[in-house]
2 protein chains.
Amino acid sequence: MNEHKGLLPRAEAEEYASWFKALADATRIQIVSLLARRRAPMSVGEIVTTSGVGQSTVSHHLKILAEVRFVLVEKQGTSSLYRINENCVSCFPTAADVVMGNPAPGAPTCE
Amino acid sequence: MNEHKGLLPRAEAEEYASWFKALADATRIQIVSLLARRRAPMSVGEIVTTSGVGQSTVSHHLKILAEVRFVLVEKQGTSSLYRINENCVSCFPTAADVVMGNPAPGAPTCE
DNA sequence: ATCGTCAATCGACGATAGTCGATAAATGTG
DNA sequence: CACATTTATCGACTATCGTCGATTGACGAT
């Protein structure tokens, strides 16, 4: 149903780009893959010591990853537990999908 | 075979990130999807007039897309013809692959 | 050889992004 | 309440990126 013969509308392109931007940083990939391997939730502190980057930096990246719902947060006492969102990761658009305009924008925003 | 229990090695993470970076810009997504819809090669000039951004900008983006082999170039006379690399697009790693460390780095660098 | 066209490169500018250190806010503990 | 701990936010700095205009280089035509 997405049959633009010409240019992909700017708004759609920007939405796609924002998703890829979330994975366009080495530190973020390290964090998200770390959370994926241990399927258990991790606190920010654990991620900080494991990743070796500053605490504020980790917090910043987790915020970005949470915005695209790659990770989910759960507050527990004074600490925040982050875990991978398998749903969102698996429905992340493939390059082929984006290029061909297959997925409706908003797709990766799954629960 | 990629069984890091801890952190994904930085070099691998940076390689993954560089692939996603190629699609982390709205203009680049517009260009690549434009080339994908018309499966025929397009000259830089055509892309410029269709996309509405400056010639040097388009050239710059095409260079980035060519570096990750999303597009292929063929010089013909005074003009350069760009076309989509269906091979590379389809073997671009999914988010799940990257997150779980499935694809060997270097995978998207297919012919 | 000269000119015109097309694309790549260069230089500059503004905007964005990643990182850090310091501070603040929230929550648990004595 | 005072204190410690954990995370989020803020401010600053630097590096990178996207864009443009101008220039250069390559090629074809006259």
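Because the structure is a prediction, the values reported are computed rather than measured. Below, chain A is the first sequence line, B the second, and so on; all start at residue 1.
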* To do: Using the heavy-atom set of chain A and a strict 4.0 Å cut-off, write down the first and last nucleotide of DNA chain C that makes it in, 5' to 3'.
  => dG18(C) to dG28(C)

* **Test applied, side chain to side chain contact (heavy atoms under 4.5 Å, CB included); reference residue, Ile84(B); option that passes from Val32(B), Leu34(B), Ile31(B), Leu72(B)** => Val32(B)

* Structure fact -> Residues at least two apart in sequence or cross-chain that pass ring-ring contact (aromatic ring centres under 6.0 Å, His included) with Tyr82(A), listed by chain then number, are none

* Which part of the nucleic acid, if any, lies within reach of Ser59(B) when heavy atoms closer than 4.0 Å are counted: base, sugar-phosphate only, or nothing? -> base

* Structure fact -> Sorted by chain and number, sequence neighbours left out, side-chain hydrogen bond (donor to acceptor under 3.5 Å, both in side chains) with Glu67(B) holds for none

* For the hydrophobic clusters of this structure (ILVMFWY residues joined by side-chain heavy atoms under 4.5 Å, transitively), does one cluster hold both Leu65(A) and Leu81(A)? -> no

* Asked: If Ile, Leu, Val, Met, Phe, Trp and Tyr residues are connected whenever their side-chain heavy atoms lie under 4.5 Å apart, and connections chain through other members, are Ile29(B) and Ile64(B) in the same group?
  -> no

* **Side-chain N or O of Tyr82(A) closer than 4.0 Å to phosphate OP1/OP2 of dA8(D)** => yes

* Asked: For Arg37(A) and Leu8(B), what are the C-alpha separation, side-chain angles and deciding distance, and is it a side chain to side chain contact (heavy atoms under 4.5 Å, CB included)?
  -> CA-CA 10 Å; Arg37(A) 289 153 203 267; Leu8(B) 188 70; 3.2 Å; yes

* **N/O donor-acceptor pair under 3.5 Å between Glu12(A) side chain and Pro9(A) backbone** => no

* Donor-acceptor pair, side chain of Arg28(A) and main chain of Ala22(A), under 3.5 angstrom -> yes

* Residues of residues 43-50 of chain B with any non-hydrogen atom less than 4.0 angstrom from an atom of DNA chain D: list those, numerically ordered, please. => none

* Kindly indicate whether the side chain of Ile47(B), heavy atoms from C-beta on, has any atom under 4.5 Å from the side chain of Leu35(B). => yes

* With sequence neighbours excluded, what pairs up with Arg83(A) under the salt bridge (charged side-chain N to carboxylate O under 4.0 Å, His left out) test? -> none

* To do: Produce a footprint string for nucleotides 15-30 of chain D: one letter per nucleotide, 5' end first; B if the base is under 4.0 Å from any protein heavy atom, S if only the sugar-phosphate is, - if neither.
  => ---SBBBB----S---

